[in-house]
Amino acid sequence: MKKLKVLLVDDEIMIREGFKRLFDWEAHGCEVVGEAGDGMEALAKIDTLNPDIAIMDINIPIMNGLKVIQMARLKHPDTAFVIVSGYDDFSYCREALRLQITDYILKPVNYEEFGTCIDNLKIAFFRNETHVNEGVGEERMIHQITRYLQEHLADEVSLSVLADEFHLNPQYISQLFKSEIGVNFLAYLTNIRIEHSKKLLLTTSLTIAEVSEKSGYADYRVFTKVFKKSEGITPSQYRRDFITN
């Protein structure tokens with residue numbers, strides 16, 4: 001997993017130096033990429049550095065830490081903010097909760113407690129990243145499978161055939177159709193086959209048996225039954241009605 005980028009925001013240089021020297025960022029999978037001493041500088045650094053985590057004091061010049069967080073959230077919703085403050089004030093804590101602060105740590109900093117906070121953040125980032133990657137992977141996979149089906153409409157296709165072709169579990173493919181497309185595999189396959197057959201009926205002079213075969217139905221009687229269930233009329237009536245109109 002990549003190192004998380006950290007921005008330190010405190011108007012006291014010694015506090016920032018303490019964070020850099022007294023806490024082992026490397027051991028916790030992080031690196032300090034920048035510092036800021038006031039609210040405006042903090043906003044600018046968040047824009048340019050796009051940190052994963054911002055360690056934020058509340059009482060900083062020009063613009064207080066809570067206001068910085070409120071404004072930064074508009075452009076950087078994924079940045080995690082940890083407040084480190086000398087103020088054990090309920091109103092500050094309540095505002096911090098409203099802004100969905102990750103943690104509120106009091107000065108002087110207990111670095112063991114701080115390390116637990118950072119580790120929890122790292123786990124959360126990892127889970128989110130994994131979830132996003134899984135989502136992208138599933139979307140790409142279902143796209144490949146549906147393209148394969150479009151190209152093999154005349155062939156005998158089943159979940160087991162797809163499983164062999166894509167080296168996946170049949171049950172997993174079935175779940176993919178439900179989660180990514182919203183219908184089960186058989187319903188999807190039937191739909192694209194019927195749509196293909198309708199195009200052939202209207203644009204070619206193929207017999208019903210030939211249309212049936214090219215649409216994946218070896219037995220034209222089965223095809224006629226499925227077509228009528230889907231469209232309310234037989235393939236012959238569908239073609240005839242089109243020509244009549």
Side-chain angles (χ1 to χ4, degrees), residues 1-140:
M1 183 183 176
K2 68 172 186 177
K3 290 182 181 178
L4 297 181
K5 298 184 293 181
V6 178
L7 174 69
L8 301 176
V9 182
D10 199 298
D11 61 328
E12 296 184 43
I13 296 176
M14 291 303 295
I15 296 292
R16 301 201 304 267
E17 287 299 314
F19 270 117
K20 289 191 292 183
R21 295 180 182 180
L22 301 177
F23 185 73
D24 191 346
W25 294 100
E26 181 80 23
H28 291 269
C30 301
E31 62 175 332
V32 176
V33 295
E35 303 174 42
D38 62 61
M40 291 302 292
E41 185 182 12
L43 273 179
K45 287 289 178 70
I46 291 170
D47 279 344
T48 56
L49 299 174
N50 194 24
D52 299 300
I53 304 170
I55 310 300
M56 180 79 60
D57 187 17
I58 292 178
N59 190 25
I60 52 178
I62 305 179
M63 182 188 302
N64 75 43
L66 294 176
K67 187 65 176 175
V68 170
I69 294 169
Q70 184 181 8
M71 295 184 68
R73 281 262 188 249
L74 300 175
K75 293 171 65 176
H76 305 275
D78 295 329
T79 297
F81 291 91
V82 176
I83 286 181
V84 180
S85 175
Y87 293 90
D88 187 9
D89 186 298
F90 176 72
S91 63
Y92 281 139
C93 291
R94 183 174 58 190
E95 179 66 10
L97 287 172
R98 189 183 69 80
L99 292 171
Q100 297 181 314
I101 306 304
T102 299
D103 213 335
Y104 192 112
I105 296 174
L106 291 174
K107 296 176 181 177
V109 177
N110 178 324
Y111 284 104
E112 185 175 343
E113 175 190 351
F114 183 73
T116 300
C117 168
I118 296 300
D119 286 343
N120 288 337
L121 268 176
K122 186 172 65 174
I123 292 169
F125 271 105
F126 175 74
R127 284 177 178 166
N128 183 60
E129 190 176 75
T130 301
H131 178 72
V132 170
N133 288 339
E134 284 177 352
V136 172
E138 289 181 349
E139 187 178 332
R140 185 179 298 118

If only atom types and distance count, is the side chain of D57 paired as donor or acceptor with the main-chain N or O of I60 below 3.5 Å?
no
Counting heavy atoms not belonging to M63, are there more than 12 under 6.0 Å from its CE?
yes
Hey, are the side chains of I118 and V6 touching, using non-hydrogen atoms and a 4.5 Å cut-off?
no
Measure across D38 and P61 and return the closest heavy-atom pair with its distance rounded to 0.1 Å.
CB-O, 3.5 Å
For residues D10 and L8, determine if any side-chain heavy atom of one lies less than 4.5 Å from a side-chain heavy atom of the other.
no
Please round to the nearest 0.5 Å and tell me the distance separating atom CD1 of I55 and atom SG of C117.
6.5 Å
Tell me whether L74 at atom CG has more than 12 heavy atoms from other residues, nucleotides or ligands lying less than 6.0 Å away.
yes
With rounding to the nearest 0.5 angstrom, report the NZ to CE distance, K67 to M40.
12.0 Å
Would you please name every residue forming a salt bridge (charged side-chain N to carboxylate O under 4.0 Å, His left out) with E41, sequence neighbours left out?
K45
Could you work out, with salt bridge (charged side-chain N to carboxylate O under 4.0 Å, His left out) as the rule, every residue matching K75, not counting sequence neighbours?
D47
Nearest heavy-atom approach of A42 to V9 is CB-CG1, 3.8 Å
Charged N to carboxylate O below 4.0 Å: is that the case for R16 and E35?
yes
L49 side, atom CG; L7 side, atom CG - distance, nearest 0.5 Å
6.5 Å
Indicate yes or no for a side-chain donor-acceptor contact from W25 to the backbone of F19 under 3.5 Å, with no hydrogens or angles considered.
yes
Pairwise distance CG(D52) to NZ(K5) - rounded to 0.5 angstrom:
6.0 Å
Determine the minimum heavy-atom distance between F125 and I53, stating which atoms define it.
CE1-CG1, 4.1 Å
With rounding to the nearest 0.5 Å, note down the distance linking CG in N59 to CG in L66.
10.5 Å
For the pair I83 and I69, evaluate side-chain contact (heavy atoms from CB on, under 4.5 Å) and give the outcome as yes or no after the intermediate values.
CA-CA 10 Å; I83 286 181; I69 294 169; 4.1 Å; yes
Which distance, rounded to the nearest 0.5 Å, do you find between the OG1 of T79 and the CZ of R73?
7.5 Å
Between V109 and F23, is the side-chain contact (heavy atoms from CB on, under 4.5 Å) condition met? List the steps.
CA-CA 10 Å; V109 177; F23 185 73; over 6 Å; no
Shortest non-hydrogen pair, A72 vs F81, comes out as CB-CZ, 3.8 Å
Can you tell if the side chain of V84 reaches within under 4.5 Å of the side chain of I15, non-hydrogen atoms only?
no
Give the intermediate values and the outcome of side-chain contact (heavy atoms from CB on, under 4.5 Å) for residues I46 and V68.
CA-CA 10 Å; I46 291 170; V68 170; 4.2 Å; yes
Would you indicate whether E17, at its atom CD, is surrounded by more than 12 heavy atoms from other residues, nucleotides or ligands within a distance under 6.0 Å?
yes
